[in-house]
Participant: 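Can you read through this structure? Questions will come right after.
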Amino acid sequence: MSVLKLAWKNIVSNPLNLILSIILFGLGIGLISFLMLLNTQLSENFEKNLADIDLVIGAKGSPLQMILCSMYHIDNPTGNIKVDEAKAFLNPGHPLLEISVPLSLGDSYKRHRIVGTNDGILELYNAQLDQGKIWAQDLDVTIGAGVARATGLKIGDSFKSSHGFDDDADLAHDHSAFNVVGILKPSGSVVDQLILTNPSTVWAVHDHTAEDHEGHDHRHHTPPVRSNEELLQHPEKDITSLLIKYKDKTNYRTLSLPRAINEHTDMQAASPPYEINKLYSLIGVGTDAIRWLAILIAFVSAISIFISLYKSMKERKYELSLIRVMGGSRATLFMLIVIEGIILSFIGFVVGMIISHGGMEIMSKFLQASYRYDFTGWRVISGDAWLFVGSITLGIVAALIPAYQASYTDIHKALSEKN
Amino acid sequence: MINTENLSFQYDNEELMSFPDVNCDAGEIMLVLGQSGVGKTTLLHLLSGIIRAKGGSVSIAGQNLSELSDKKLDHFRGQYIGVIFQKFHFIKSLNVLENLTIAQKLAGKPIDENRCKELLENLQIGHKINSKINELSQGEIQRVAIARALVNNPAVILADEPTSALDDSNCQAVLDLLSTQAKQSGAALVIVTHDTRLKDMIDNKITIS
């Protein structure tokens, strides 16, 4: 029967007294931890998907929308641009560009976007083939690992797409099915959530549904378009945007390229890190407010731990005196109350971890749908360790005054009181 | 085993209280009689070192209590003195056995569950070993209190009004129980009470007035 065990028995013998402070404490810790977990995974998501992309070119509109659409696939396009307008940037011989990847967007399957592009996108995101092959013919698709997992599509399967991001049967395109020819390895980037195909596939699906109505042979008579050179053969066609990687970021001509595009063309160019930082600062205000709220809750709950310890200390005055009579010292009483504070805050911390990690795991499905990224609750971040240290410290601090009072209980008075 | 000399105590702004000397050897019983409010509890707390004397001295097993620091005194009390309180204070969150083992632990002695069980068996409450204190009858609680006072083989057992709430037959039984246990463990037993029934049963006595 050590002091630790006695402290534990004292807590479990009267749990109702302490349940409120534990729940309050757990809620505060849980909120802070959840925010950190969300923040960590969100910024990892954003950073991983920056993927060395230096510039995005697309139709004029909101640059942030264009970035969110073309790089994170969580927004709609700002519009389309003609291949003709972008031909300079599709030219493999462009002196400033190392990689230039066109994107044609429009359809999706079960909320996974179908992207008409070429295999430059695999290079940008370091994605590798797991099974099957890279798309080649029109209506061939290679799908990301996340798509395969979520939809259960396998090589050889076929499916029909729907327009935009909506998973609505009424909007389903009535055309020949896409054929899965390959599946990518998980890369942790947005490519995991994409269905990749030729730009010409996207054109075909769209042009036909827009122009034709009844029973039409959707097989294409033109050869499939994949590479930028092939794309340049169709100047009248639309693409949504271009992802660009520079040869040399510090070249002065490179630096003036975005401005030149914005001023002299009907297209716009935007720098992903710049737009994302802008987004961070917007989100930051909200998460800061919630974080302060959580800190406030944790602080209030520390006060409630203080009050419950103080109250139970007063109620147990004669027990504490008894401990002295039986040979315990003032230090023993002090330690007893401090250990009770530590146990309370530890339980609160565990409750908080369950709230945040369990909550994240439950919410991960919703988050994945809106952010196109795998979230998980089963992950410990360094912030949790700091929260642990903070929780225990708070528990000790809350226990200090009751512990001091306990150690200076007048045992003569406590034991002679008649009641 | 326990001896006092010219013991006195004074509460703030009150008269000085002087106490007759207490002398009780190992295996013997001493009775301290006095009406309510004459300072019996004060004397008991002086004897157990819960409060320190204003004048005079208390020595137990040859150790003068006033020579010990607070921390050492707490430790000494745990090892040498067993107190049976009038109100039978226990730690409510612990069961009977745990209330005994924590007394061993706090006195700095090794935890010896067999010793505790033996004691409880002796006092005929061995079957209540895992009960909570508030599940016991008054008589059982008293026995647990006696067991706890004895568990560390103290040199001195101090009992505060052990019989005042009992009828005549139980009064005799408890006195017998206490004196037998004290003799068995070779402790000096000091009973502080206003219960005049005990007056004729114990020879060695003093009266506080």
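Just so we're on the same page: letters track the sequence lines, and every chain starts at 1. Note that this is a predicted model, so its numbers are computed, not measured.
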Participant: What distance do B:F9 atom CZ and A:H412 atom NE2 have between them, rounded to the nearest 0.5 Å?
Facilitator: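 It is 5.5 Å, given to the nearest 0.5 Å.
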Participant: Tell me whether the count of non-hydrogen atoms from other residues, nucleotides or ligands lying under 6.0 Å of CD in B:Q35 goes above 12.
Facilitator: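 Not buried by this count: 12 neighbours or fewer within 6.0 Å.
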Participant: List the steps, then state whether side chain to side chain contact (heavy atoms under 4.5 Å, CB included) holds for B:L94 with A:K5.
Facilitator: CA-CA 10 Å; B:L94 305 182; A:K5 208 167 154 197; over 6 Å; no
Participant: Checking an interface table here. Which of residues 60-84 of chain B come within a heavy-atom distance under 4.5 Å of chain A?
Facilitator: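 Only B:D70, B:K71, B:D74, B:H75, B:R77, B:G78, B:V83 of residues 60-84 of chain B have a heavy atom under 4.5 Å from chain A.
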Participant: For A:Y280, look at atom OH and say whether over 12 heavy atoms of other residues, nucleotides or ligands are found less than 6.0 Å away.
Facilitator: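 Above 12, so yes.
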Participant: For the atom pair CG (B:L106) and CG (A:L6), what is the distance rounded to the nearest 0.5 Å?
Facilitator: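 CG of A:L6 is found 7.5 Å from CG of B:L106.
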Participant: Under 6.0 Å from the NZ atom of B:K92, do we count more than 12 heavy atoms belonging to anything else shown?
Facilitator: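 No, the 6.0 Å shell around NZ holds no more than 12 heavy atoms from other groups.
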Participant: In residues 380-409 of chain A, which residues are in contact with chain B at a heavy-atom separation under 4.5 Å?
Facilitator: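 Counting heavy atoms that sit under 4.5 Å from chain B, no residue of residues 380-409 of chain A is involved.
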Participant: Supply the atom-to-atom distance A:S416 OG to B:D160 CG, rounded to the nearest 0.5 angstrom.
Facilitator: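 So the OG of A:S416 and the CG of B:D160 are separated by 9.5 Å.
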Participant: Heavy atoms only, distances under 4.5 angstrom: which of A:L320, A:T332, A:I323, A:I11 has the most pairs with chain B? Name it, please.
Facilitator: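 Counting heavy-atom pairs under 4.5 Å, the top option is A:I323.
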Participant: Are more than 12 heavy atoms, taken from residues, nucleotides or ligands other than B:E5, located less than 6.0 Å from that residue's CD atom?
Facilitator: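 12 or below, so no.
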Participant: Do you know the tightest heavy-atom contact between A:E319 and B:F90?
Facilitator: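 Answer, listing the atom of A:E319 first, then B:F90: CG-O, 3.5 Å.
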Participant: Can you tell me which of A:N10, A:V325, A:I411 forms the most heavy-atom pairs within a distance under 4.5 Å of chain B?
Facilitator: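 If we count pairs closer than 4.5 Å to chain B, A:V325 comes out on top.
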Participant: Quick check: under 4.5 Å, non-hydrogen atoms only, which of residues 136-157 of chain B neighbour chain A?
Facilitator: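 Under the 4.5 Å heavy-atom cut-off, B:R148 qualify.
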Participant: Using a 4.5 Å heavy-atom cutoff, which residues in residues 43-53 of chain B come close to chain A?
Facilitator: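 Against chain A, the residues of residues 43-53 of chain B that fall inside the cut-off (heavy atoms, under 4.5 Å) are B:H45, B:I50, B:I51.
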Participant: How far apart are the closest heavy atoms of A:L415 and B:H89, and which atoms are they?
Facilitator: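 Nearest heavy atoms, A:L415 then B:H89: CD2-CD2, 3.6 Å.
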Participant: I'd like to know whether CH2 of A:W292 has more than 12 heavy-atom contacts from other residues, nucleotides or ligands below 6.0 angstrom.
Facilitator: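 No, because the 6.0 Å sphere around CH2 of A:W292 holds 12 heavy atoms or fewer from other groups.
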